[in-house]
Every structure is written in structure tokens, then in C-alpha cells.
Amino acid sequence: MSITRKNFFKGLAIGTIAAPFVIRSVVGKTNAQQQSSGIISDRKYRWKMVTTWPPNFPVVGEGAVMFAKMVAEMSAGRLEIQVYGAGELVPALECFDTVRTGAAEMASGASYYWSGKLPAAQFFSTVPFGMNAQQMNAWIINGEGWDLWKEIYAPYDLIPMPFGNTGVQMGGWFNRKINTIADFKGLKMRMPGLGGRVLERVGGTPVLLAGGEIYTGLERGILDATEWIGPYHDYLMGFHQIAKYYYTPGWHEPGTVLELIVNKTQYEQLPSDLQAIIRVAALATNHWILSEFEAKNNEYLSIIQNEAKVEILRFPEEVLTTLRVVTSDILAEFVQQNALSKKIYNSYQDFRVKATKLSDITEKVFYNDIQSEI
Ligand code: CA
């Protein structure tokens, strides 16, 4: 793709911001009066954002509330968004349909929650052994990702926006050591999504438990292992009190993108400055959430190391190699299901290959050979 000004600024729509005095719906004023006041429209909008997170959930729920405050401040109160935790207005997994039908104007969640109805949505959250946060941001914001994401959501009258990233997650909490791939046989593990399918293929049993049930499941032996997020959220769940081993890396979620979805019809009815405010505030939140995960995970890894008796272990190379091969087989089968998944996978894969070549001689060298020696 050639680099053009249009590509460079896409998503931010600088072109529309450069012409801010577009009059939409101010009653009783002439265009000249509105232009001299510099206000596009004084109409106030009251929107609802439903979320897949429990109310005030650390980092991602906090990010949604922060986004709403930012939008209210930037619009001088013309767009106010009320944020609802999961279950306050609708259950977590009804967010997609709630925004699709316009019952709420926005939702925050992650696209892999919708992969049951829209398999290709998986690529805009995370893929086992796939791209990390930095690479996903580059593919979505500066590559082809965002346009493809918009394309698959458009038939549902939705516009997606990146809204944070967890960074590389941890591999999970285990009460059984993983020395070879055979140790996954019969392993009952909380592991959703494509990672769960990989686990199943190597002989494990993925168990789906809601967040609030995982601790008890692990404590009572209903689960032998569970993945969750990273040191901060895992600590808050208390897994360090009941599991023996904390494994790394989170091969199944190397950089999960969180999303904001907006009802397209209602978005398009907003004045262009409010549309721009939403996009810019979403990108600011995208950045804040990733940074907050990094800062809090740094802090809580130290706390876990100091307080808990848990052993932090790395999956053996042979285990990771087998999981990687199985993932590749499952992805090959997955993209055969429909042409759209294949098209998105090809774009994803093309970007990943190039990103890996670059990181081989930049990020990886720095992490492995330089930073760790300081
Ligand atoms: Ca996870």
C-alpha cells in the first residue's frame, strides 16, 4: 500500500476536523450567527454504554468511565455517556445485539465474544501465537485492520474502534506441572476461545466458567488450571493463594485487543465534531488501557513474587512448539469456513510475517540481549 496523506490520517479524519463550522441542526440561528459563535450545535445528546465487564472492573471498566468523562469534557457536556457494568442494563454477552438494535448507543468488550455469530471477529481480539499489542495497534490503526474490522461489523450497523489491549497475558495458574505435552491429557482448564480448541486437541478439557466461579472451581478441583489475564487481575482474583504454579507465557492471548462498538446509524447522526471527539477519546483510551495494564502488572508481579509461595515457571520449549503447530492446523481449518475469515487472516498473516522480521532484529534483540542484562 502506498503511503498517502489519506492513509496516514485515516480514522482520525483530520480533513473533517479542518472544517469545523458545519451547521447541522441549530434551530433559530442563521449560519452566520452560528459561525461567529464557533459552536456547531448546542443540541445535547445522552448516550448509554453497556459493557461486558463487571461494574468498575479494574483497568478496562475504569477506562470506559474515563472515556465517558473525556467525551463530556471535550464536548462541553454536549455528549454525555452513562456507562453500565455487565448485568446493570443487559448481560455481558448481549452487548453486541443491544448496540446493533440501538437500545444502547455503545458497548465496550472484546470482539472474540462475538465469534460465535461472526467467526472472523476473532482476528480483531487475539489469535494464539499471534501479534502482540504493539503489532496489533500497528495493523489496526496504521495497516488494513481497521477497515476490515469496519467491513465485517457494517452489516450489523456497528462501527468498531480499538479500546485498549491487555498486553501479553500470563499462561495461567496450574496445580499440576507441565513438563511435556502429555501433561495436558485430562487437564481440566478454564480456557475460552481458540486457545480452548488447541487445549482440547492436545488432550485437555476446556471448561467454561464465569469469572466469579473460577476461584472455587480451582479450590475444589473442578479445575486443574485456569488462565485469566496477568499479574494484577490474577492477584485480585486470589489465584496465588490456591495454585502451585504460575506459568508463562500466555501463548493463547499474546495481546488481546478490547473494543468500543458504536451504533453506526446513531453515530452518523451526530455532528462531525462529536464524531471526532468519540474517535480521539477512543484512541486515547486505547493507549491508557495498555499503559495501565503494563504499570499495574509490573507492580503486582513483584507483589506476587514477594507474598505468594507460587513457583513462576516457563512452559518448556517442546510444549510451546507442539501448541504452535496445533494452533496453525486449527487456524487453517478455521479460515476455510468462510471467505471473509480467509481474507482477514491473509491480511493479518501478511502483517505478522513482516512484523516478526522487524522484531527479530529490534524488539527481541533488545529484550533478550540488552535490557535484561542491565
Ligand atoms: Ca485471558
Side-chain angles (χ1 to χ4, degrees), residues 126-135 165-204 206 214 218 223-235 237-256 293-294 296-328 330 352 355-356 359-360 362-374:
T126 192
V127 172
F129 295 98
M131 291 194 275
N132 67 10
Q134 182 168 316
Q135 295 161 344
N165 194 304
T166 64
V168 177
Q169 298 195 6
M170 283 294 286
W173 300 83
F174 290 69
N175 275 327
R176 195 198 278 189
K177 258 194 181 171
I178 301 295
N179 294 318
T180 72
I181 200 73
D183 292 322
F184 279 105
K185 288 221 160 41
L187 185 90
K188 293 168 291 180
M189 181 168 185
R190 188 260 179 193
M191 172 76 92
L194 281 177
R197 286 166 64 176
V198 175
L199 177 70
E200 199 166 25
R201 192 75 61 96
V202 297
I214 303 174
L218 201 54
L223 294 175
D224 303 310
T226 185
E227 72 83 51
W228 187 234
I229 306 177
Y232 179 40
H233 289 80
D234 293 11
Y235 179 88
M237 292 288 270
F239 298 142
H240 58 288
Q241 298 161 352
I242 46 168
K244 291 182 191 154
Y245 312 109
Y246 194 19
Y247 269 94
T248 187
W251 55 272
H252 60 296
E253 292 196 69
T256 303
F293 265 116
E294 178 81 8
K296 284 287 197 296
N297 283 332
N298 290 346
E299 187 183 340
Y300 278 78
L301 175 61
S302 294
I303 292 173
I304 289 171
Q305 285 170 326
N306 291 335
E307 283 184 15
K309 290 186 183 126
V310 68
E311 262 186 84
I312 299 178
L313 299 170
R314 190 191 143 112
F315 289 118
E317 207 51 51
E318 171 231 301
V319 167
L320 288 172
T321 301
T322 306
L323 294 172
R324 192 183 293 115
V325 170
V326 171
T327 296
S328 166
I330 286 176
R352 170 164 60 174
T356 303
S359 66
D360 278 347
T362 55
E363 303 284 332
K364 288 182 211 167
V365 176
F366 186 78
Y367 275 150
N368 293 338
D369 303 337
I370 298 175
Q371 192 179 43
S372 57
E373 289 176 5
I374 292 170

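The basis for the numbers below is simple: all heavy atoms, side chains too, and nothing from hydrogens, waters or symmetry mates.
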Quiz: residues 182-196 side-chain donor-acceptor pairs under 3.5 angstrom, not counting sequence neighbours:
| residue | atom | partner | partner atom | Å |
| --- | --- | --- | --- | --- |
| D183 | OD2 | N179 | N | 2.7 |
| D183 | OD2 | T180 | N | 2.9 |
| K188 | NZ | G221 | O | 3.3 |
| R190 | NH1 | E227 | OE2 | 2.5 |

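- The two atoms that bring G130 and P254 nearest to each other are N-CG, 3.5 Å, heavy atoms only.
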**OP:** Quick one: do K244 and W173 satisfy side-chain contact (heavy atoms from CB on, under 4.5 Å)? Show the steps, please.
**Re:** CA-CA 7 Å; K244 291 182 191 154; W173 300 83; over 6 Å; no

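- Atom CG of residue N165 and atom CD of residue Q135 lie 10.5 Å apart, to the nearest 0.5 angstrom.
- Qualifying salt bridge (charged side-chain N to carboxylate O under 4.0 Å, His left out) partners for R324, counting only residues two or more places apart in sequence or in other chains: none.
- Considering only heavy atoms from C-beta on, P249 comes within 4.5 Å of F315 through its side chain.
- In this structure, Y245 OH and E311 CD are separated by 6.0 Å, a value rounded to the nearest 0.5 Å.
- A donor-acceptor distance shorter than 3.5 angstrom exists from the side chain of Y247 to the backbone of I178, with no hydrogens or angles considered.
- Defined by atom type and a distance below 3.5 Å, a donor-acceptor pair is present between the side-chain atoms of Q169 and T166.
- With rounding to the nearest 0.5 angstrom, the NZ atom of K364 is 15.0 Å from the CD1 atom of I370.
- The two residues I312 and Q305 have their closest heavy-atom pair at CD1-CG, 3.7 Å.
- A308 and H240 get closest at one heavy-atom pair: CB-CB, 3.7 Å.
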**OP:** Please test L313 against K177 for side-chain contact (heavy atoms from CB on, under 4.5 Å), starting from the C-alpha separation and ending with a verdict.
**Re:** CA-CA 9 Å; L313 299 170; K177 258 194 181 171; 3.9 Å; yes

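- When all heavy atoms of G230 and M170 are compared, the pair lying nearest together is CA-CG, 4.2 Å.
- For the 3.5 Å distance criterion, the side chains of Y246 and D234 qualify, holding a donor opposite an acceptor.
- Shown here for A225 and F174, the closest heavy-atom pair between the two residues is CB-CD2, 3.5 Å.
- With hydrogens and angles disregarded, a donor-acceptor distance shorter than 3.5 Å links the side chain of N297 to the backbone of Y232.
- Expressed to the nearest 0.5 Å, how far CG of L199 lies from CZ of R201 amounts to 12.0 Å.
- The closest donor-acceptor contact from the side chain of N175 to the backbone of D224 lies at 3.5 Å or more, if one exists at all.
- Side-chain contact check for E307 versus Y235: some heavy-atom pair is nearer than 4.5 Å.
- Residues V198 and H252 fail the side-chain proximity criterion, which asks for heavy atoms closer than 4.5 Å.
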**OP:** Apply side-chain contact (heavy atoms from CB on, under 4.5 Å) to the pair Q134 and S359, showing each step before the final yes or no.
**Re:** CA-CA 11 Å; Q134 182 168 316; S359 66; over 6 Å; no

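- Aromatic ring centres of H233 and F293: separated by under 6.0 Å.
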**OP:** Take R314 and L320, measure what side-chain contact (heavy atoms from CB on, under 4.5 Å) needs, and give me the verdict at the end.
**Re:** CA-CA 10 Å; R314 190 191 143 112; L320 288 172; 4.2 Å; yes

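- L323 places none of its side-chain heavy atoms less than 4.5 Å from the side chain of P128.
- Donor-acceptor pairing under 3.5 Å is recorded for the side chains of E253 and T256.
- The closest side-chain heavy-atom distance from V202 to V319 is not below 4.5 Å.
- The CD atom of E299 lies 12.5 Å from the CD atom of E294; values are rounded to the nearest 0.5 Å.
- Here I242 pairs with Y215, L218, E219 under the side-chain contact (heavy atoms from CB on, under 4.5 Å) rule; sequence neighbours left out.
- Rounded to the nearest 0.5 Å, atoms CE (M131) and OG1 (T126) are 9.5 Å apart.
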